[in-house]
Amino acid sequence: MADDDTLKKQLERLKHAYGLEYEMIRVTGAFEHAALRPLFILNGGALIVYLGLYGALHKENAIDFAVGQFAAYA
C-alpha cells in the first residue's frame, strides 16, 4: 500500500512537470509565430533591413534603442 501511494505521488509530480514543459513549449511557439508575422508582410529588401536593424538593436551598446525605434517606425 505504501508503495502505491508513493508511486501515485511520483506520477502526479511527473504529470505536473510535463504539463509545465508542454505549456512552455506551446507559449514559446506562439511568441515566435507572433514575432515573425511582420516579416512575412514586408517585401524582401525591407526584410533584410528589418533583420539587420533588429540584430543591431540587440547588441550591447551598439545603437540607442530610441533611435532604433524611430528608424523602425520610419
Side-chain angles (χ1 to χ4, degrees):
M1 280 252 177
D3 289 335
D4 289 341
D5 292 337
T6 304
L7 289 175
K8 286 180 183 178
K9 287 180 183 178
Q10 288 177 348
L11 180 61
E12 288 302 316
R13 286 185 188 131
L14 279 174
K15 283 182 184 179
H16 180 71
Y18 285 134
L20 292 175
E21 186 176 344
Y22 170 76
E23 191 65 23
M24 182 61 80
I25 291 170
R26 188 187 65 78
V27 170
T28 302
F31 173 76
E32 290 172 352
H33 181 74
L36 292 175
R37 183 173 294 165
L39 299 179
F40 293 113
I41 295 171
L42 300 172
N43 63 17
L47 174 66
I48 292 170
V49 171
Y50 181 83
L51 288 174
L53 179 63
Y54 185 77
L57 286 175
H58 284 84
K59 290 181 182 177
E60 278 189 36
N61 302 326
I63 297 178
D64 185 22
F65 190 70
V67 174
Q69 279 184 329
F70 175 74
Y73 290 127

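Computation of the quantities below employed the complete heavy-atom set of this structure, encompassing side-chain atoms and omitting hydrogens, waters and symmetry-equivalent molecules. These figures come from a predicted structure and were not determined experimentally.
- Under 4.0 Å is where a charged nitrogen must lie from a carboxylate oxygen, and between Lys15 and Glu12 at least one such pair does.
- Atom CG of residue Asp4 and atom CG of residue Leu11 lie 12.0 Å apart, to the nearest 0.5 angstrom.
- The only option from Lys8, Gln10, Lys9 that meets the side-chain contact (heavy atoms from CB on, under 4.5 Å) definition with Thr6 turns out to be Gln10.
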